[in-house]
Amino acid sequence: MTIPHDPEYAGGLPATTSVVGGAGWHLAVYESAGSTNDLARRLPPWHAVRADQQTSGRGRFGRAFVSDPGGLWLSAVLPGEGGAVRWTGFSLTVGCHLLRMLARLGLPAARLRWPNDILVGMRKLSGILIEQGARDSLIVGIGMNVRNCPWKEDSSLAPCTTRLADLLPGLDDLDSLTIHILDALADAHAAMESHGLTAAIDELNLHWNSSPAVEITRLEGPAVRGLFAGLDRQGNLRIRGADGQEQIVPHHHVGRLVELTAAES
């Protein structure tokens, strides 16, 4: 289907929206936005916005996120009753369901790098940014490289990014991909409401059985290096040292996780 564009935002709800997906999402598409998460902040649950490009895209901790034309830059608002504590770790459930979606599209090799990056091999395909919206709502931002060329804006991205057009030659158009993602978000929300993080942790731990070498920068204290062995039942990180012993790093103590190359480890 073709989703109409709404090039201007006058406040309140967008003037032009389409109802899409199994959950009946109200979606508006803009030619450009500073940040789709900022636009979505004004909207009620089950509304979403997509932009052809973002001029001020951001990732975790406010890091710049290149969002050039040809990519998919989408933010969706979901109910978030119970506040931030109730939804801690939701990026893992979202990541789990996006991996399922990509597998259905023909990309089973995609994986989640804790806590919010989707990679194929060592190259980043997509990022997830979840922020608190209005009272009792969550904003889920998805940035995915599709046909864009982020390395033209930042040459350092050339060796560490990938895009769907190179991985799936028969790729659907952006409108169809948007609907797939919104359906995955609705499924992730239902799963989190029903089971919390338990099911997502169990499923993701199967993906993480290859134990990549990582370095964790903690918010306080020295960095930790070792093999990433997945998560415990509370969502804390399990790191296996050279002696085979596991160290638990509480998830809220982690500033950044970096996967190491063979030479670095």
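These numbers come from the heavy atoms of this one structure, side chains and all, not from hydrogens, waters or symmetry mates.
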K.L.:
Apply salt bridge (Lys or Arg N to Asp or Glu O under 4.0 Å) to R218 and list each qualifying residue two or more places apart in sequence or on a separate chain.
P.N.:
none

K.L.:
Find the distance between CZ (R113) and NZ (K124) and round it off to the nearest 0.5 Å.
P.N.:
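Here the interatomic distance stands at 6.5 Å.
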
K.L.:
So, do L237 and I216 sit near enough that their side-chain heavy atoms are less than 4.5 Å apart?
P.N.:
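Side chain of L237 against side chain of I216, heavy atoms only: contact under 4.5 Å found.
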
K.L.:
Taking C-beta and beyond as the side chain, do R100 and E203 meet within less than 4.5 Å on heavy atoms?
P.N.:
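Counting from C-beta outward, R100 and E203 do come under 4.5 Å.
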
K.L.:
Take H26 and V19 through the side chain to side chain contact (heavy atoms under 4.5 Å, CB included) test and state the conclusion after the steps.
P.N.:
CA-CA 5 Å; H26 296 264; V19 179; 3.7 Å; yes

K.L.:
Checking S32 against T55 for the side chain to side chain contact (heavy atoms under 4.5 Å, CB included) test, could you report, in this order, the C-alpha distance in whole Å, the side-chain angles of both residues, the deciding distance, and whether it holds?
P.N.:
CA-CA 7 Å; S32 182; T55 57; 3.8 Å; yes

K.L.:
Looking at S137, is its backbone amide N or carbonyl O close enough to the side chain of Q132 to form a donor-acceptor pair, meaning the two atoms are under 3.5 Å apart?
P.N.:
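The answer is yes, because a donor-acceptor pair under 3.5 Å joins these two groups.
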
K.L.:
Can you name the nearest heavy-atom pair linking W46 to A23, along with the distance?
P.N.:
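Shortest heavy-atom contact: CZ3-CB, 3.9 Å.
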
K.L.:
If every non-hydrogen atom of E259 is compared with every non-hydrogen atom of L119, which pair is closest and at what distance?
P.N.:
OE1-CD2, 4.4 Å

K.L.:
Which distance, rounded to the nearest 0.5 Å, do you find between the CE of M144 and the CG of L125?
P.N.:
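It is 5.0 Å, given to the nearest 0.5 Å.
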
K.L.:
Below 4.5 Å, heavy atoms only, C-beta onward: do Q54 and Y30 meet side chain to side chain?
P.N.:
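No, their side chains stay 4.5 Å or more apart.
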
K.L.:
For residues Q234 and H251, determine if any side-chain heavy atom of one lies less than 4.5 Å from a side-chain heavy atom of the other.
P.N.:
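Sidechains of H251 and Q234: no contact.
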
K.L.:
CG of L227 to OG of S210: how many Å apart, nearest 0.5 Å?
P.N.:
9.5 Å

K.L.:
If you look at every heavy atom in R225 and E215, which pair is closest and at what distance?
P.N.:
NE-OE2, 2.8 Å

K.L.:
Among the clusters formed by ILVMFWY side chains lying less than 4.5 Å apart, do V120 and V214 turn up in the same one?
P.N.:
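As far as the 4.5 Å side-chain criterion goes, V214 and V120 are connected within one cluster.
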
K.L.:
Hydrophobic clustering (ILVMFWY, side-chain heavy atoms < 4.5 Å, transitive) - are V224 and L231 grouped together?
P.N.:
yes

K.L.:
Under 4.5 Å between side-chain heavy atoms, counting indirect links through other Ile/Leu/Val/Met/Phe/Trp/Tyr residues: same cluster for I179 and L171 or not?
P.N.:
yes

K.L.:
Taking the side chain as every heavy atom from C-beta outward, state whether K152 and D68 have any pair of such atoms under 4.5 Å apart.
P.N.:
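Not touching, per the 4.5 Å side-chain cut-off.
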
K.L.:
Minimum heavy-atom separation for T36 and W73, please, with both atom names.
P.N.:
CG2-O, 3.6 Å

K.L.:
Using modelled atom types and a 3.5 Å cut-off, is there a donor and acceptor pairing between side-chain atoms of R233 and backbone atoms of T198?
P.N.:
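Not a single qualifying donor-acceptor pair exists.
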
K.L.:
Mind running side chain to side chain contact (heavy atoms under 4.5 Å, CB included) on R163 and C149 for me, showing each step along the way?
P.N.:
CA-CA 8 Å; R163 59 184 190 168; C149 303; 3.4 Å; yes

K.L.:
Apply the test side chain to side chain contact (heavy atoms under 4.5 Å, CB included) to residues V49 and L43: give CA-CA distance (whole Å), side-chain angles for both, the deciding distance (0.1 Å), then the verdict.
P.N.:
CA-CA 9 Å; V49 296; L43 302 177; 3.6 Å; yes

K.L.:
With no hydrogens and no angle check, just 3.5 Å: does a side-chain donor-acceptor pair link S35 and N37?
P.N.:
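Side chains of S35 and N37: no pair found under 3.5 Å.
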
K.L.:
Hey, are R147 and D173 close enough for a salt bridge, meaning a charged N less than 4.0 Å from a carboxylate O?
P.N.:
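The answer is no: the pair does not qualify as a salt bridge.
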
K.L.:
Would you give the length of the straight line joining atom CG of L107 to atom CG of L98, rounded to the nearest 0.5 angstrom?
P.N.:
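Here the rounded value is 12.0 Å.
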
K.L.:
Any non-hydrogen side-chain atom of L112 less than 4.5 Å from a side-chain atom of H207?
P.N.:
no

K.L.:
Working to the nearest 0.5 angstrom, can you tell me the gap between S176 OG and I181 CD1?
P.N.:
11.0 Å

K.L.:
Donor-acceptor pair, distance only, cut-off 3.5 Å: does the side chain of N205 make one with the backbone of G230?
P.N.:
no

K.L.:
Please list every donor-acceptor pair under 3.5 Å in which a side-chain atom of residues 89-97 meets a protein atom from a residue at least two apart or in another chain.
P.N.:
unit_1, atom_1, unit_2, atom_2, d
S91, OG, P115, O, 3.2
H97, ND1, T93, O, 3.0

K.L.:
Considering all heavy atoms of both residues, which atom of P69 and which atom of N148 are nearest to each other, and what is their separation?
P.N.:
O-CB, 3.2 Å

K.L.:
Output all residues satisfying salt bridge (Lys or Arg N to Asp or Glu O under 4.0 Å) with R123, sequence neighbours left out; order by chain, then residue number.
P.N.:
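Salt bridge (Lys or Arg N to Asp or Glu O under 4.0 Å) check on R123 returns nothing, list empty.
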
K.L.:
Once you measure the plane-to-plane angle for W208 and F228, does it fall in the parallel (<30°), tilted (30-60°) or perpendicular (>60°) bin?
P.N.:
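W208 vs F228 ring planes: perpendicular.
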
K.L.:
Are L105 and L174 in one and the same hydrophobic cluster, where Ile, Leu, Val, Met, Phe, Trp and Tyr link if side-chain heavy atoms are under 4.5 Å apart?
P.N.:
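Yes, because L105 and L174 connect within a single hydrophobic cluster, where side-chain heavy atoms sit under 4.5 Å apart.
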
K.L.:
Side chains of L99 and I118, heavy atoms from C-beta outward: is any pair under 4.5 Å?
P.N.:
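They are in contact (side-chain heavy atoms under 4.5 Å apart), so the answer is yes.
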
K.L.:
Would you say the side chain of P44 lies within less than 4.5 Å of the side chain of V77, judging by non-hydrogen atoms?
P.N.:
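The answer is no; the side chains never approach within 4.5 Å.
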
K.L.:
Are the side chain of W114 and the backbone N or O of L257 linked by a donor-acceptor pair below 3.5 Å?
P.N.:
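No.
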
K.L.:
Atom CG of L185 and atom CG of L74: how far apart are they, to the nearest 0.5 Å?
P.N.:
7.0 Å

K.L.:
Closest heavy-atom contact between M101 and A184?
P.N.:
CB-CB, 4.4 Å

